[in-house]
Amino acid sequence: MADSRPPLERVRNIGIIAHIDAGKTTCTERILYYTGLTHRIGNVDDGNTVTDWMEQERERGITITAASISAEWDKHLINLIDTPGHIDFTAEVQRSLRVLDGGVVVFDAVQGVEPQSETVWRQADRFNVPRICFINKMDRVGADFDNAVNMIRDRLGANPVAMQIPIGAESDFSGVIDLIEMKVIRWGDELGARRLYEEIPSELQEQALIARSSMIEMISEHDDVLLEMFTEEIEPSVDELRVGIRRATISNAISPVYCGTALKNKGIQPVLDAIVDYLPSPLDVPAVIGTNPVDGEPLERESNENGPLSALVFKIVSDPYVGRLAYFRVYSGRLQAGSKVQNTTKGKRERLGRVIRMYADRREEVEEVLAGDIAATLGLKNTFTGETLSDVSEPIILEKIEFPDPVISVAVEPKTSGDQDKMGVALQKLSEEDPTFQVRSDENTAQTIISGMGELHLEVIIDRMMREFKIQANVGKPRVAYHESIRKSVDKVEYRHVKQSGGRGQFAHVVLRVEPGEPGSGISFSSEIVGGVIPREYIGPVEKGIRSAAETGVLAGYPVTDVDVVLYDGSFHEVDSSEMAFQIAGSMAFRQGVSKAKPVLLEPMMDLEVIVPDEYMGDILGELSGRRASIGGMEMRPGGAQSIKSVAPLAEMFGYATALRSKTQGRGVFSMEFSRYNKVPDAVSEAVVKGNL
């Protein structure tokens with residue numbers, strides 16, 4: 001309950017983030033066991049883990065949705081979020097990092113830094129989240145602690161500092177040397193619950209002393225107190241070292257590194273100690289900054305439970321049993337069950353229902369939650385992901401969460417007329433949960449089109465629709481979310497909209513300049529109207545017409561992007577001009593301008609990394625070039641494997657997982673993430689425009 005919650009300095013809001021298969025969920029299961037929340041250890045392979053509770057997660061052995069858990073360790077409350085590692089569910093990582101104060105990044109001791117490790121690290125950098133690293137799977141063949149640490153430094157541009165060194169590796173991995181207390185830690189039982197502390201054996205003494213000296217030197221570079229002691233050759237005490245490490249970690253100057261094997265129950269408790277010792281409490285992070293909805297001025301809110309309420313809703317879940325759950329992080333003030341709050345993003349009042357502290361898919365009801373807490377509530381009708389809840393009397397709007405656009409679509413249609421309405425409701429609920437999942441109706445074919453971040457993403461959505469909402473549907477082939485753009489500038493696009501129909505007519509006259517924009521800039525609109533040739537109240541409708549026309553392009557009806565539009569001349573009529581007339585004129589002028597500016601089709605390009613054993617290299621390179629991939633580079637990986645980096649069009653990558661498995665006897669793996677939009681080759685463009693692709 002809220003009244004028994006430890007004080008704010010003893011609260012930690014932590015995410016576990018990593019590449020798929022690095023062992024996040026396995027680590028989380030051990031954390032639950034050692035903190036006393038569970039009395040048995042779940043296993044991903046057996047499908048009985050606490051945080052992977054969805055059927056789709058248990059079948060695939062991957063995390064799809066970020067699960068939230070509260071646990072206690074050493075008189076501290078740890079709010080923990082286990083995030084997905086697959087790139088298709090990157091929005092889950094993004095919104096979790098937005099509300100977390102610290103992170104534990106899990107790495108595979110064999111593979112080191114993998115492609116998705118880089119993505120989650122960049123996301124954590126963007127939100128300025130302090131991190132500790134856990135090098136997992138030290139018992140695997142090919143495990144190399146030093147190589148993993150070097151890869152973190154070289155590939156991520158980070159500053160990893162080893163707090164431990166492993167004793168042995170692969171099947172000989174038996175424990176770690178703690179470089180702070182200079183003790184050996186081993187685990188005395190099968191479940192790893194008992195830590196045994198021993199003196200460092202004489203043959204490892206020298207190696208440990210060198211590693212400790214290097215650790216202190218690296219920390220001293222980022223902490224003035226330790227630097228002074230280091231230069232004067234004063235040996236810091238254990239407490240002084242811990243305080244210095246905490247300061248350097250919270251300032252994001254260093255990332256402490258630990259190691260172990262979660263599956264064999266070794267190395268997790270020191271990570272829990274590090275979460276408590278080195279990662280920030282809500283009091284250690286800067287005050288959250290928002291804007292005043294009344295005057296647009298910036299506002300700060302300190303993490304104070306007695307201050308005015310500010311909370312950010314970061315996730316919506318449609319629970320088949322209890323209804324719509326909204327997860328939120330309280331930044332200041334307190335939230336009580338049944339209280340009235342303001343959704344300042346929309347300017348609407350909301351009444352909270354029950355307030356719940358989450359334990360994966362199980363829940364504990366509480367009367368109130370305080371600043372620094374992560375919890376969920378029932379009863380919010382109009383509040384969605386990224387929206388702010390605040391006091392009615394002291395409103396604030398916190399920064400929204402930005403999500404990437406979908407890159408892949410499929411058509412779905414219900415098998416029976418009875419499923420038609422149910423499908424609409426189900427898809428609406430699923431799109432409320434997931435901002436990267438979008439639903440629209442195709443005007444030409446009247447089909448329902450769903451769009452997402454990848455094949456697996458849409459496969460899981462359709463699976464959930466069929467299982468949770470009991471809807472039978474036919475699913476079309478995946479289609480790429482192409483865009484359209486232009487290749488040249490058109491200096492003068494003139495359009496007059498004139499209609500006389502008895503009584504008041506319609507008149508609008510606009511002159512536009514249309515130019516190619518920067519990649520990723522979308523539609524940029526500006527006005528150079530001077531002297532009131534078009535009154536100010538009609539300029540907004542012109543922009544609205546342009547943006548509306550940009551939703552369907554002139555080549556194949558795909559959205560138009562990366563175009564700069566300038567309105568620089570025109571005229572109006574005192575009686576016949578109206579907002580609607582100028583909106584129509586803006587829309588028609590834009591379409592004409594795009595048609596004259598050498599329209600071009602753009603396709604999503606994916607950053608692709610394929611890791612395969614040496615003997616399959618030739619086959620895989622041939623396969624990639626056949627899929628229009630441009631090879632960027634290759635590097636050796638442990639165990640006689642090669643990593644091939646390339647950029648490939650998404651349109652050519654459908655079914656690649658199956659092709660790679662069959663060409664490498666199941667030994668090849670790949671990861672893919674959206675990179676940018678590129679011009680489509682002419683032959684492919686013609687086929688897309690004709691509807692053959």
Side-chain angles (χ1 to χ4, degrees), residues 8 13 15 91 93-102 122-130 250 252 280-316 326-336 339-352 369-377 380-405 432 435-436 520-527 536-537 539-540 543-544 547:
L8 212 45
N13 293 315
V93 184
Q94 208 153 313
R95 58 177 163 196
S96 300
L97 286 171
R98 170 70 176 78
V99 297
L100 293 168
D101 301 326
R122 283 199 306 272
Q123 286 173 323
D125 278 342
R126 191 173 137 214
F127 294 113
N128 212 19
V129 175
I250 289 173
N252 250 326
S281 76
L283 295 175
D284 296 314
V285 294
V288 67
I289 297 172
T291 50
N292 186 329
V294 180
D295 56 19
E297 289 295 309
L299 284 176
E300 275 196 358
R301 289 281 162 88
E302 297 285 344
S303 194
N304 177 359
E305 57 200 46
N306 297 315
L309 171 69
S310 62
L312 184 77
V313 174
F314 68 95
K315 184 177 164 80
I316 299 290
Y327 284 75
F328 58 86
R329 158 82 190 258
V330 185
Y331 283 96
S332 62
R334 53 184 69 209
L335 260 176
Q336 292 178 324
S339 60
K340 280 188 179 172
V341 293
Q342 178 89 345
N343 175 335
T344 33
T345 313
K346 287 191 174 142
K348 290 188 174 177
R349 299 269 178 100
E350 289 268 39
R351 181 185 284 280
L352 264 71
V369 283
L370 311 176
D373 271 336
I374 290 174
T377 183
L380 298 181
K381 291 186 172 59
N382 301 306
T383 302
F384 296 94
T385 298
E387 294 180 353
T388 304
L389 303 175
S390 76
D391 279 344
V392 178
S393 56
E394 296 194 55
I396 184 173
I397 297 179
L398 302 175
E399 185 192 345
K400 284 199 78 160
I401 311 172
E402 296 295 329
F403 294 107
D405 291 328
E432 284 176 5
T436 57
S521 62
I523 300 292
S524 162
F525 173 83
S526 58
S527 166
R536 188 178 296 167
E537 65 263 29
I539 291 172
E543 180 180 1
K544 192 175 177 186
R547 293 194 182 279

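Numbering starts at 1 and runs along the sequence shown.
A distance of 8.0 Å separates OG1 of Thr345 from CG of Leu398, quoted to the nearest 0.5 Å. Here Ser310 contributes atom OG and Leu299 contributes atom CG; the two are 10.0 Å apart, rounded to the nearest 0.5 Å. The OG1 atom of Thr385 sits 9.0 Å away from atom CG of Leu312, with the distance rounded to the nearest 0.5 Å. Thr344 OG1 to Leu309 CG: the interatomic distance, rounded to the nearest 0.5 Å, is 9.0 Å. Atoms NZ and CZ, on Lys400 and Arg98 in that order, are 11.5 Å from each other to the nearest 0.5 Å. Between the CD atom in Gln342 and the CD1 atom in Ile397 there is a gap of 9.5 Å [rounded to 0.5 Å].
Asn292 contributes a side-chain N or O that, together with a main-chain N or O of Val294, makes up a donor-acceptor pair within less than 3.5 Å. For Thr377 (side chain) and Ala326 (main-chain N/O), no donor-acceptor pair under 3.5 Å exists by modelled atom type. Formation of a donor-acceptor pair under 3.5 Å by the Arg301 side chain with backbone atoms of Ser332 is not found in this model. Here the side chain of Lys346 pairs a donor or acceptor atom with the backbone of Asn382 at under 3.5 angstrom. Side-chain N or O atoms of Asn304 include none that pairs as donor or acceptor with a backbone N or O of Ala371 at under 3.5 Å.
Here the shortest heavy-atom pairing between Ile539 and Ser527 reads CD1-OG, 3.6 Å. Across every non-hydrogen atom of Pro282 and Arg329, the tightest pair is CB-NH2, 3.8 Å. Of all heavy-atom pairs between Leu352 and Gln336, the closest is CD2-O, 3.9 Å. Pro280 and Pro130 make their closest contact through CG-CG, 3.9 Å (heavy atoms, listed as atom of the first residue, atom of the second, distance). Between Ala311 and Leu335, the shortest heavy-atom distance links the atoms CB-CD1, 4.3 Å.
Enclosure of atom NZ in Lys340 is not indicated, since only 12 or fewer non-hydrogen atoms of other residues, nucleotides or ligands lie within 6.0 angstrom. In this structure, Arg349 places its CZ atom where only 12 or fewer heavy-atom neighbours from other residues, nucleotides or ligands lie under 6.0 Å away.
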Problem - Residues Asn252, Asn128; criterion side chain to side chain contact (heavy atoms under 4.5 Å, CB included); working and verdict - result: CA-CA 7 Å; Asn252 250 326; Asn128 212 19; 3.1 Å; yes

Practice task
Could you walk me through whether Leu100 and Phe127 pass the side chain to side chain contact (heavy atoms under 4.5 Å, CB included) test, one step at a time?
Solution key: CA-CA 9 Å; Leu100 293 168; Phe127 294 113; over 6 Å; no

Problem - Pair Glu350-Asn343, side chain to side chain donor-acceptor pair (under 3.5 Å): steps then yes or no - result: CA-CA 7 Å; Glu350 289 268 39; Asn343 175 335; 4.9 Å; no

Problem - Worked check of side chain to side chain contact (heavy atoms under 4.5 Å, CB included) between Val99 and Tyr331 - result: CA-CA 9 Å; Val99 297; Tyr331 283 96; 3.9 Å; yes

Exercise for the section: Please step through side chain to side chain contact (heavy atoms under 4.5 Å, CB included) for the pair Asp101 and Asp284, ending with a clear verdict. Expected result: CA-CA 9 Å; Asp101 301 326; Asp284 296 314; over 6 Å; no

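Residues Ser339 and Arg334 have side chains not in contact (no heavy-atom distance under 4.5 Å, counting atoms from C-beta outward). Residues Leu389 and Val313 are in side-chain contact: their nearest non-hydrogen atoms beyond the backbone lie under 4.5 Å apart. Between Leu380 and Phe328 there is no side-chain heavy-atom pair separated by less than 4.5 Å.
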